Amino acid sequence: MHGLSTFEPKNGAVKWLEARLPILSFAHSSFVAYPTPKNLNYWWTFGAILSFMLIAQIITGVVLTMHYTPEATLAFSSVEKIMRDVNWGWLFRYAHANGASMFFLAVYIHMFRGLYYGSYKNPREVLWILGVIIFLLMMATGFMGYVLVWGQMSFWGATVITNLFSAIPIFGNEITTWLWGGFSVDNPTLNRFFALHYLLPFVIFAVVGLHVWALHVTGQNNPDGVEIKDVEKDCVPFTPHATMKDGLGVTVFLLVYCWFIFYVPNYLGDADNYIPANPLKTPPHIVPEWYFLPYYAILRAIPDKLMGVIAMFAAIAVLAFLPWLDKSPVRSAKYRPMYKALFWAFVVVSIGLGYCGAMPAAEPYVTVSRVLSVLYFGFFALLPFLPRWEKTLPVPATIAEAVLAKSGVKAEPPKPEPVKAAPAKAPTKSTRLWK
Amino acid sequence: MTFKTLTKTLGLAAAVAGLTAVASPAARASEQEGPTPTRQEWTFAGPFGTYDRAQLQRGFKIYKEVCSNCHELRIPIRTLGQPGGPELPEDQVKALAASYTIKDGPNASGDMFDRPGRPSDYFPPPFPNPEAAATALGAAPPDMSLVAKARKYERGFPKFIFDALPVPGGMYQELGPDYIYALLHGYEKDEDPNWNAYFPGHKIAMGKPLVDGQVEYTDGTPATLDQYAKDVASFLYWASEPTLEQRKRIGFRVMAFLLILAGLMYFTKKKIWSGVAH
């Protein structure tokens with residue numbers, strides 16, 4: 001997607017570098033000249049918000065690592081030492097712990113946005129699947145990070161989740177023992193979780209690189225779900241338009257994030273995790289962090305352990321098949337009345353599952369979780385058949401047309417055409433988007 | 001369009017299912033039997049909350065005279081003199097530290113020895129290990145350094161949502177102190193000193209620890225159980241969250257900065273996009 005690149009180095013040193021490693025022109029074409037659909041709304045700023053969160057988590061995490069001790073008898077007190085004695089330690093730890101929640105909040109919004117506007121459809125299947133992989137990696141990283149605190153909920157959460165692998169037929173117990181590095185969750189488990197918790201964010205970083213690469217090959221989807229036809233009419237350059245809008249999105253998101261860090265830092269955490277891990281005392285309710293609750297509800301909804309585990313993983317894996325399950329030629333839910341209704345039902349079902357996951361495994365929550373689990377998978381099962389019944393609304397031919405329809409015809413003529421926003425120096429280059 | 005109605009019904013059914021789950025009191029009642037603690041007024045609550053130094057000092061007196069006989073408090077003695085806490089004068093902290101006997105060593109000849117405490121020492125535990133405590137008392141009393149953050153009670157829907165929000169009555173972080181305050185009032189059965197209205201299951205190993213007039217106050221504060229409960233709960237919250245004042249002070253500046261920045265960015269963004277129909 002280098003259609004609008006006008007990068008012409010004048011500085012001698014830049015020219016020298018360009019001839020050897022064209023990284024500056026690459027950055028320029030990706031983040032400055034990159035054509036961005038005009039009609040993007042603020043739900044599209046969550047990509048930038050997520051990039052910010054990933055970097056924030058890595059920086060706070062690296063600093064915390066400098067003060068943390070990954071050893072079963074010392075881990076909990078080393079965290080307390082960070083909170084009490086390390087300069088700004090409380091800030092780093094609260095920022096990191098709440099940062100995980102904010103990361104998941106943003107990723108769920110980002111995923112629902114993709115779902116609503118059909119961002120997973122041809123030609124963005126690989127982009128979407130890379131996103132599902134990032135989500136899985138985030139879940140693994142979040143889970144292992146929570147264990148490192150070595151409080152009661154860390155320990156018992158780790159016990160419950162690693163025990164899931166014992167449901168695997170024949171080799172289940174051997175696999176679980178191998179994961180633990182012993183016969184229960186203990187110091188070897190903590191050590192390997194620490195190593196992996198440090199490693200996985202960099203794996204996420206790499207997959208995010210692929211995700212952005214894939215995005216820049218296909219171009220961004222947009223609220224109207226029509227492809228870019230004419231860069232001049234449909235797009236604005238990434239900088240300053242998207243840069244500024246993303247900056248505003250990140251700042252507003254930071255307000256929410258900082259509210260949690262500075263004013264309600266323990267709201268999202270479990271009080272039991274301020275009690276040091278005690279293998280001899282099981283807490284009355286073992287509850288994972290809020291961002292795992294819908295999947296936890298699906299796990300518990302099924303009486304059979306193995307089937308429960310399969311259903312839980314299937315609930316995530318099914319997302320990867322979405323591009324082929326949804327057969328409608330129309331992308332955006334804006335023009336799909338039935339899909340729109342189904343989408344909102346799916347949102348309600350997901351939140352309902354989350355609520356059930358937080359509740360004790362008793363009635364009526366068990367029955368409700370079962371109904372909601374069926375509805376959760378029902379959403380995906382219905383998608384292939386939807387085009388048979390759905391009467392879609394007329395889709396605008398181009399982004400420019402959609403924008404015109406929205407802002408009214410009179411808005412366009414008096415203003416100078418936004419072509420002015422596109423670089424004036426290279427008008428000949430840009431009629432085709434990707435070469 | 002029968003399918004449209006079907007999807008709507010599905011959505012509605014899901015919403016209703018969610019709401020009944022949320023509204024159903026049955027399961028929660030069995031989980032949380034007995035009364036729930038009531039929310040108290042705390043000086044350290046709210047966006048500008050700070051600790052009341054005199055209250056923390058009174059709370060420390062209760063800890064020292066009553067709680068410390070059974071409970072460990074795993075924090076350094078020096079913290080009593082640090083900013084944002086009870087802020088005892090330096091000489092008092094030194095004298096207090098010296099009043100404790102600390103086991104140290106080994107020395108050059110390999111022997112353990114006793115020495116007077118220093119401010120950098122931790123408060124010595126009342127028992128050498130939890131097993132010894134359990135043998136003496138029947139159950140090992142928990143360390144009190146984090147107890148005010150490690151206790152909570154169920155708030156239920158929709159209260160738990162407002163607890164997080166910057167609205168009047170929201171920003172509720174003091175569930176732990178409220179629980180401790182309630183617990184100290186919960187010994188309602190004279191015939192059973194181990195029965196507590198607020199303790200899960202009602203059977204608590206700790207017998208009624210505080211009664212009116214038990215600890216002498218020199219600053220004219222009424223020496224009542226209610227006052228003790230408030231003071232010790234405040235002290236324990238400080239022990240678990242000693243950086244609270246710094247956190248809220250910095251938080252205000254950060255939020256103010258971000259609000260101004262967001263405003264500036266909003267207008268800049270508006271200007272940049274003003275020539276573009278979107």
Side-chain angles (χ1 to χ4, degrees), chain A residues 38-39 77 80 83-84 90-91 94 236 240-241 244-245 247-248 251-252 254-255 258-267 271-272 274-275 284 337-338 341-342 344-345 348-349 351-352 355-356 359-360 362-365 368 371-372 375 378 389-390 403-404 407 411-412 415-416 418 420-421, chain B residues 1-4 7-8 10-11 13-15 17-18 20-22 24 26-28 30-31 47 74-76 79 142-143 145-146 149-152 157 163-164 166 171-173 175-176 200 240 242-243 246-248 250-252 254-255 258-259 261-262 265-266 268-269 272-273 275-278:
Chain A
K38 276 180 189 175
N39 56 342
S77 49
E80 268 315 298
M83 290 296 287
R84 292 166 191 277
W90 60 268
L91 178 57
Y94 278 156
V236 286
H241 297 83
M244 206 56 222
K245 199 168 177 174
L248 176 57
T251 310
V252 172
L254 261 174
L255 273 165
C258 287
W259 168 261
F260 276 95
I261 296 175
F262 291 105
Y263 293 111
V264 285
N266 293 306
Y267 175 77
D272 274 357
Y274 278 114
I275 303 170
M338 275 189 194
L342 211 57
W344 287 110
V348 172
V349 166
I351 294 172
Y355 190 82
C356 289
M359 291 293 114
E363 290 300 348
Y365 304 113
V368 175
V371 172
L372 293 179
L375 291 176
W389 302 296
E390 189 171 51
V403 167
L404 268 166
S407 56
E412 200 74 346
K415 298 268 178 198
K420 118 178 183 277
Chain B
M1 276 299 180
T2 47
F3 190 76
K4 184 171 183 178
T7 52
K8 283 223 165 130
L10 273 180
T20 44
V22 153
S24 163
R28 184 164 299 108
S30 65
E31 186 191 355
R74 207 176 299 138
I75 61 173
T79 54
D143 163 49
S145 66
L146 282 169
K149 283 202 291 193
R151 298 291 182 275
K152 63 166 180 200
F157 181 85
D163 287 350
M171 198 189 155
Y172 186 21
Q173 282 279 286
L175 285 86
S240 72
T243 54
Q246 188 191 20
R247 165 160 64 78
K248 290 186 176 178
I250 308 245
F252 180 74
V254 169
M255 298 301 272
L258 284 175
L259 271 173
L261 180 67
M265 294 193 92
Y266 172 73
T268 315
K269 184 254 158 196
I272 287 171
W273 282 81
V276 183
H278 60 281

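Small disclaimer: the values here were computed from a predicted structure and weren't measured. Chain letters run A, B, ... following the sequence lines, proteins first, then strands; residues in each count from 1.
Under the rule for a ring pair (Phe, Tyr, Trp, His ring centres under 6.0 Å), A:F262 has no partner lying at least two apart in sequence or in another chain.
A side-chain donor-acceptor contact under 3.5 Å links A:W259 to the backbone of B:A164. A donor-acceptor pair under 3.5 Å links the side-chain atoms of A:Y263 to the main chain of B:F252, judged by distance alone.
Residue with the most contacts toward chain B among A:V264, A:V252, A:I351: A:V264 (heavy-atom pairs, distance under 4.5 Å). Of the listed residues (B:S145, B:P200, B:G176, B:P76), the one with the most heavy-atom contacts under 4.5 Å to chain A is B:S145. Ranked by heavy-atom pairs shorter than 4.5 Å toward chain B, the options A:N266, A:N39, A:I261, A:L254 are led by A:N266. Interface remark: of the candidates B:I250, B:T243, B:L259, B:T243 forms the most heavy-atom pairs closer than 4.5 Å to chain A. Chain A forms more heavy-atom pairs under 4.5 Å with one residue of B:K248, B:M171, B:R74, B:R151 than with any other, namely B:M171.
In terms of heavy atoms, B:S240 sits closest to A:R84 at CA-NH2, 3.8 Å. Across A:C258 and B:V254, no two heavy atoms sit closer than the pair SG-CG1, 3.8 Å. Taking every heavy atom of both residues into account, A:A271 and B:K149 meet most closely at CB-O, 3.6 Å. Between B:V276 and A:H241, the closest heavy-atom pair is CG2-NE2, 3.7 Å. Taking each heavy atom of B:I272 and A:M244 in turn, the nearest pair found is CD1-CG, 3.6 Å.
Side-chain contact between B:P242 and A:M83 is absent, with no heavy atoms from C-beta onward closer than 4.5 Å. Between B:W273 and A:V236 there is a side-chain heavy-atom pair separated by less than 4.5 Å. In this structure the side chain of B:M255 reaches within 4.5 angstrom of the side chain of A:L255, judged on heavy atoms. Between B:L146 and A:I275, every side-chain heavy-atom pair lies at or beyond the 4.5 Å cut-off.
Heavy atoms of B:T79 lying under 4.5 Å from chain A are absent altogether. Heavy atoms closer than 4.5 Å to chain B are found nowhere in A:P284, neither backbone nor side chain. Looking at A:E390, neither its backbone nor its side chain comes within 4.5 Å of chain B, counting heavy atoms on both sides. Neither the backbone nor the side chain of B:P142 comes within contact range of chain A; no heavy atom of the residue lies under 4.5 Å from a heavy atom of that chain. Contact annotation for B:I75: only side-chain heavy atoms (C-beta onward) come within less than 4.5 Å of a heavy atom of chain A.
Interatomic distance, B:D143 CG to A:Y274 OH, rounded to the nearest 0.5 Å: 14.0 Å. A distance of 7.5 Å separates CG in A:L248 from NZ in B:K269, rounded to the nearest 0.5 Å.
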